[in-house]
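These notes concern the structure reproduced below.
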Amino acid sequence: MDKIVTGDEGDSREIHETDEKTLEIPSDFIRDAIRDDLAQGRFDRVHTRFPPEPNAYLHIGHAKAVWIDYGIARDFGGKFNLRFDDTNPTKEDQEFVDAIIEDVKWLGADWEDRLLFGSDYFDQMYDWAVELIKKGKSYVCDLSAEELSKTRGTLTSPGIDSPYRNRSVEENLDLFARMKAGEFPDGARTLRAKIDMASPNIVMRDPFMYRIRHTEHHRQGAKWCIYPSYDWAHGLEDSIEGVTHSLCSLEYEIHRPLYDWFLEQLGVYHPRQIEFPRLKLPYTVMSKRKFIELVDGGFVEGYDDPRMPTLAGLRRRGYTAESIARFCRRIGISKADSVIEWHVLEDCVREELNASAQRVMAVMNPIKVVLTNYPEDQVEYVDAINNPEDPSAGTRKVPFSRELYLEQDDFREVPPPKFFRLTPGREVRLRYGYFIKCEEVVKDENGEIVELRCTYDPATRGGDSPDGRKVKATLHWVSAKHAIPVEVRLYDRLFVKEDPDDAEEGQDYLSNLNPESVQVTTAHIEPSVTGAQPGARYQFERQGYFCVDKTSSEGNLVFNRTVSLKDSWAKIAKA
RNA sequence: UGCCGGAUAGCUCAAUUGGCAGAGCGCCUGACUCUGGAUCAGGAGGUUCUAGGUUCAAGCCCUAGUCUGGCAGCCA
């Protein structure tokens, strides 16, 4: 039986037996390809990497990539590296390195001791470039960026050779060394691979390997003034690290021939690149440039604005790492470049929070209710279940008194059909409290309802009627004098169009911003949440899941709505 | 222009070498009878884009066609 071993320093510990264990690994086209590679002996272990460029915050699309890279390594008992692809100093920053590390850690991917940086291999890459020059496979080109793009040809016509293409090896070596030494200004020269200017694949038309950039690198400082291109660097980084499967998104597909070409010319260890489609979600944007514009333009509060699809934003919104992992598992990996609806992610977080979130009662739009037959100064503490899905979560005491707040939506003076909540003359249950009956509607001079006068049935304490009487609705409530006012932020989609780029003539995606993407309101909440710390998650009964925002403080609690509960009444009411 | 992909339930997507076409949401029904428009369980729902072909057997392989998406930077 074939044994698959792992470890790149000869610690060939046995992890799987192909015929049996790998069959238990979920199937998708990438895992299948890897399984096949192992079975055919093309590789004898699995080693992946997640290679972000530290120039932006990670978003939900990266979470999919992380879960493919890390998930596959884990499934096959292999290794996973977190590697920063920091080859372009002009856009990169330590701030992003730190944020990305936090995000990947939060997601739950484990890179063990392999936190790596592509820039740490610059010396090796340089030596390899010299080697390619010596082999006549690379040359220094003096064409400007503009000239280069002109001579590259078009989608329909071949490019033309650079006049510098046939420089001697000696001259190339000399020029390249001087490029490195800093003798030339930015953009004056490039090092290019000598491949084929007539290739139908434009990526193969003598792509550049190094450009001159007199810019300090966030990690390497001023050591370098020439920086490698993605195409040149990426395969080398994978090779150096002993990566077996270099998994990347579909836009790199046409780069694969170049990835392979460099490694073949060098004759070094050669990983396999496999591409998968990026995650797409409607009503949002996922590009670094647009994130920056949204933040700098003040359209959102920051990279961690709860409306943003960034991991920082989703985290602040209340999404858990587990719900995101669940989401990634559910959508799987296929070759189709598909758009996944938000409700898939929302279901995932509801599923998890339904099982784990502490229940609490909060009234968003209060209507005052006075229990006319309830003693003036009496206060009772009723037992409320913390989580009906989890008995071990126990119970808590909630104060009940003569004056209460109910949800405005839970009362209709003239009820529409199928409305089972409070209405004049009808009896309903107050959750964990009593049955109450609406006797009178008090209005001000403008005809606006100011309060409801109800009676309660003392025999129904706790919510049960000894005579077996039934009510159709159970409403949440708070005691008016015990309730704490808190700030609540209700979020909606950031853009009004599925594809924000689908804008009117002369307009861009910013014109599609949803003006109602956030609604700030005050809720009256039961006192048990006093002292809730940022990040704490609750279900506001009958409403949704909320978490305490980072701006929250002891005296001024702030909640973000992660997601509402499913609400089919909203649809019935609309119809 | 080249390369790659997709077309499957009302919607968004799955389907390991060809072997009874699945999930989530939506819809319908039921259970719980203190979230009763929450939650849970069950059910209905498909001529797999079209026309041919190979095969005992085709969503999958082959041929032709129609529609549709992505990529093509001195970014990664």
Side-chain angles (χ1 to χ4, degrees), chain A residues 22-23 25-29 31-32 35-36 51-53 55-56 85-88 90-92 141 143-146 148-149 152-157 186-192 199-203 205 207-213 227 229-231 233-234 248-257 275 277-278 280 282 288-289 330-344 346-348 350 354 359 361 384-385 388-389 418-421 429-433 460 462-464 470-476 539-544 565-573:
Chain A
T22 64
L23 289 177
I25 296 170
S27 172
D28 55 59
F29 81 94
R31 273 173 249 251
D32 293 348
R35 220 189 315 267
D36 193 52
E53 184 187 16
N55 69 343
D85 204 5
D86 53 352
T87 57
N88 184 358
T90 60
K91 311 191 325 182
E92 297 160 6
C141 178
L143 254 25
S144 69
E146 199 183 333
L148 195 156
S149 104
R152 189 167 32 232
T154 67
L155 302 179
T156 52
S157 61
D186 285 5
R189 291 189 158 90
T190 55
L191 184 71
R192 292 225 260 163
S199 171
N201 183 349
I202 294 186
V203 172
R205 319 239 260 230
F208 86 96
M209 295 162 59
Y210 279 93
R211 73 283 226 190
I212 300 172
R213 287 260 197 286
Y227 290 95
S229 68
Y230 166 85
D231 287 309
H234 204 86
C248 59
S249 50
L250 236 29
E251 68 262 31
Y252 296 107
E253 203 168 13
I254 58 166
H255 294 251
R256 193 187 337 133
E275 310 84 11
R278 323 166 83 128
K280 286 195 210 161
K288 297 164 186 175
R289 193 199 95 221
R330 190 178 288 183
I331 63 177
I333 320 169
S334 72
K335 286 180 188 166
D337 203 2
S338 49
V339 177
I340 308 294
E341 294 179 346
W342 275 99
H343 77 73
V344 178
E346 292 169 348
D347 285 343
C348 289
R350 278 196 198 100
N354 178 46
R359 268 61 168 177
M361 291 194 285
I385 294 169
E389 305 290 320
K418 292 188 181 176
F419 185 86
F420 302 142
R421 285 118 93 151
R429 170 167 41 234
L430 295 184
R431 180 147 233 227
Y432 306 121
T460 58
D464 288 313
K470 283 187 178 175
V471 290
K472 282 198 157 182
T474 300
L475 310 182
H476 61 276
Q539 183 196 101
F540 289 5
E541 296 226 25
R542 304 208 300 140
Q543 306 198 85
L565 249 31
K566 283 188 229 167
D567 182 9
S568 19
W569 168 249
K571 263 165 265 158
I572 294 173

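Hydrogens, waters and symmetry mates play no part in the numbers below; they use all other heavy atoms, side chains included. Chain A is the first sequence line, chain B the second, and so forth, proteins listed ahead of strands; every chain is numbered from 1.
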Going 5' to 3' through nucleotides 71-76 of chain B and flagging B where a protein heavy-atom sits under 4.0 Å of the base, S where only the sugar-phosphate is that close, and - otherwise, we get SB-BBB

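- Nucleotides of RNA chain B nearest to His343(A) and Thr474(A) differ in position, and the one nearer the 5' end is that of His343(A).
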Writing each nucleotide of RNA chain B 5' to 3' as (, ), [, ], | or . by Watson-Crick or G-U pairing under 3.5 Å yields (((((((..((((.....[..)))).(((((.......))))).....(((((..]....))))))))))))....

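- A gap of 29 Å separates the C1' atoms of U48(B) and U29(B), to the nearest Å.
- Among the heavy atoms of the strands lying under 4.0 Å from Glu253(A) are primed sugar atoms or P, OP1, OP2 only; no base atom is included.
- Applying the side-chain contact (heavy atoms from CB on, under 4.5 Å) rule to Thr154(A) yields the partners Thr156(A), Ser157(A); only residues at least two apart in sequence or on another chain are considered.
- Only the C1' atoms considered, A9(B) is 16 Å distant from C49(B), to the nearest whole Å.
- Rounded to whole Å, atom C1' of C25(B) lies 7 Å from atom CD of Glu341(A).
- Computed from coordinates, the Arg278(A) CZ to G5(B) C1' distance equals 16 Å when rounded to whole Å.
- One can place CZ of Arg330(A) at 8 Å from P of G24(B), the figure rounded to the nearest angstrom.
- U17(B) and U1(B) have their C1' atoms separated by 36 Å, given to the nearest Å.
- Nucleotides U8(B) and A15(B), compared at atom P, are 14 Å apart to the nearest Å.
- Looking at heavy atoms from C-beta onward, Ile340(A) lies out of side-chain contact with Arg330(A) at the 4.5 angstrom threshold.
- Residue-level contact check: Val339(A) touches the backbone only, with heavy atoms under 4.0 Å from sugar-phosphate atoms and none from bases.
- Nucleotide A15(B) holds its P atom 8 Å from the CG atom of Asp28(A), rounded to whole Å.
- Atom CD1 of Ile333(A) is separated from atom C1' of U16(B) by 13 Å (rounded to the nearest Å).
- The separation between Met361(A) atom CE and U35(B) atom C1' is 10 Å, rounded to whole Å.
- With hydrogens and angles disregarded, a donor-acceptor distance shorter than 3.5 Å links the side chain of Asn201(A) to the backbone of Ile254(A).
- Remark: Arg205(A) CZ to Ser199(A) OG distance equals 6.5 Å, nearest 0.5 Å.
- Within 4.0 Å (heavy atoms only), Asp32(A) reaches sugar-phosphate atoms of the nucleic acid but no base atom.
- Arg429(A) places none of its side-chain heavy atoms less than 4.5 Å from the side chain of Thr460(A).
- Considering only side-chain atoms of Leu565(A), the nucleotide from A38(B), C11(B), C25(B) that sits closest is A38(B).
- Between Thr474(A) and Arg431(A), the side chains place no donor N or O within less than 3.5 Å of an acceptor N or O (distance only, hydrogens not considered).
- The same atom, P, is picked in G43(B) and in U35(B); the two are 25 Å apart, to the nearest Å.
- Taking the C1' atom of each, G26(B) and G65(B) are spaced 35 Å apart, rounded to whole Å.
- Separating the CD atom in Glu389(A) from the CG atom in Asn354(A) is a distance of 4.0 Å, to the nearest 0.5 Å.
- Side chains of Tyr432(A) and Ile385(A) form a contact here, defined as non-hydrogen atoms less than 4.5 Å apart.
- In the interface, the side chain of Gln539(A) is paired with the base of U35(B) through a donor and an acceptor atom under 3.5 Å apart.
- No side-chain donor from either of Glu146(A) and Ser144(A) sits under 3.5 Å from a side-chain acceptor of the other.
- Out of G24(B), U35(B), C11(B), the shortest distance to the side chain of Asp347(A) is found at G24(B).
- Comparing the C1' positions of C62(B) and U55(B) gives an interatomic distance of 12 Å, to the nearest angstrom.
- Across the protein-nucleic acid pair, Leu430(A) atom CG and U35(B) atom P stand 14 Å apart, rounded to whole Å.
- Lys280(A) has no side-chain polar atom (N or O) that falls below the 4.0 Å cut-off from OP1 or OP2 of U12(B).
- Atom CZ in Arg31(A) sits about 14 Å away from atom P in U16(B), given to the nearest Å.
- Taking 4.5 Å as the limit, some side-chain heavy atom of Lys288(A) sits within range of a side-chain heavy atom of Glu53(A).
- For the P atom pair drawn from U47(B) and G22(B), the interatomic distance equals 15 Å after rounding to whole Å.
- When the shell of 6.0 Å around CZ of Arg278(A) is examined, it contains 12 or fewer heavy atoms from other residues, nucleotides or ligands.
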